[in-house]
There are 2 protein chains.
Amino acid sequence: MKRAVQKRTLETRARLVAAAETLVADKGYEALRVEEVVLKAGVAKGTFFAHFRDKEALMDQLIGARIDGFLDEIETLPPPRDVAALVAAIEPLMRFMTCERYVFDIVLRHSGAALTEEIGPIASTFGRYDQVVSGWLAGSSFRRDVSPGLLAEGVQAFSVQAMALHFCALHSDRNMTHRLAEYLEAWLMPKTT
Amino acid sequence: MKRAVQKRTLETRARLVAAAETLVADKGYEALRVEEVVLKAGVAKGTFFAHFRDKEALMDQLIGARIDGFLDEIETLPPPRDVAALVAAIEPLMRFMTCERYVFDIVLRHSGAALTEEIGPIASTFGRYDQVVSGWLAGSSFRRDVSPGLLAEGVQAFSVQAMALHFCALHSDRNMTHRLAEYLEAWLMPKTT
DNA sequence: AGCAAATAGTGACCATGGTCAATTTAAAAG
DNA sequence: CTTTTAAATTGACCATGGTCACTATTTGCT
């Protein structure tokens, strides 16, 4: 027989998340230790793993929540008229995703859902992202020879590429958006003869 | 005063790599344990870390070597005339990179060099890959409105995307190459009106 | 209320990657 | 050949994520 989740459960979970968020705000994602989280939340270590499969599951949730926040912002924007506007729209999100190498690694690892039924927070945001960009591209002045869905996947692929290159010392910080703009210009507005 | 590397050093390193390769061949990359490697190589644990910064550095080397092998093959091929040929050429490499999720994660994490001077084996192979594809695209019948270098970066971005989606249960195994073909058709031969 | 079943929480314990002061070995100097 | 010095090796030790048998609590039933 199945029972409803107890209030206690929600509280504990909330305390764990709150503790983790505080610690992250203080020292960043990479420095987060499960030990510190449970200490701050006032629960035993085992409890943590009763709520999260592993440390990454917590990260998935924390980071996914942040990404969702950025997507909320993005959704309020009008459809971009050109590549520059598109890049400007998603720049804050990209900045967050590359705020730490560790964060970017986690985002990458979770961007594709591991299993169909087990779509995590970050994987969901990628779906949302695709949705938003598809919508933008559907009624735009960008190329029309391929579907908006495919176009959006391409935007995602190039965004990831631009972020990945951001971590090479060769390519300096502010080049990330320039690089993306160059990619998207070629992707969304090919000038083939 | 600096001294030349001792023969002993090379031998030890070779034994470590050989032991690791055997173990990987037997149980795969993810199951590799440092403990087992040093046991098989007949050295102490500390010795391992005197030769490799961490376990990932070993993985970088092992996987990088394999990728180089695939690139050797690829380089013997004639420049592909169309997208299908291009995809067919790089398919074996993609298959290897996605043979384990763990392998793909490592490849991703190392594909961009961490520091300019610290370009690891995998990062080098990505440079080589770009080189090869650029060469192919330079004198081809694909689009010419953007540089071969940029085109090659796009091929890389789409390859990564296709491989990443490969791990979603939604997209079945043999769809990886189809997906890539679709991307590259749109990327390399845009039919904009 | 009192009991039974399901759920939540605990903390000692384990697995494994990684460190480092001490030791051994090889090469150069005298 | 001895001494000196740099390099290589060692293994006890640590850090940290993760497990699990056991205890505690809540919920539903009679």
Using a distance-only test with no angle check, is there a side-chain donor-acceptor pair under 3.5 angstrom linking A:Arg13 and A:Gln61?
yes

Ignoring the backbone of B:His51, work out which of D:dT10, C:dT19, D:dT9 is nearest its side chain.
D:dT9

With no hydrogens and no angle check, do the side chains of A:Tyr183 and B:Glu153 hold a donor and an acceptor under 3.5 Å apart?
yes

Whether the side chain of A:Lys45 and the base of D:dG17 hold a donor-acceptor pair under 3.5 Å is what I'd like checked.
yes

Please check if the number of heavy atoms outside A:Gln131 that lie under 6.0 Å from its CD is greater than 12.
no

Between C:dG9 (P) and A:Gln6 (CD): distance, integer Å:
7 Å

Between C:dT16, D:dT10, C:dG9, which nucleotide has the shortest distance from any of its atoms to the side chain of A:Thr12?
C:dG9

Atom-pair distance (CG on B:Leu23; P on C:dT16), nearest Å
13 Å

Check the distance between D:dT26's P and A:Glu11's CD and give it to me in whole angstrom.
10 Å

Closer to the 5' end of DNA chain D via nearest nucleotide, is it A:Arg33 or A:Thr47?
A:Arg33

Is the shortest side-chain N/O distance from B:Arg8 to OP1 or OP2 of D:dA8 below 4.0 Å?
no

Closest-nucleotide ordering on DNA chain D, the 5'-leading residue of B:Val5 and B:Gly46
B:Val5

Take atom CD of A:Glu35 as the centre, draw a 6.0 Å sphere, and report whether it contains more than 12 heavy atoms from other residues, nucleotides or ligands.
no

Length of the CD-P vector between B:Glu35 and D:dA12, whole Å
12 Å

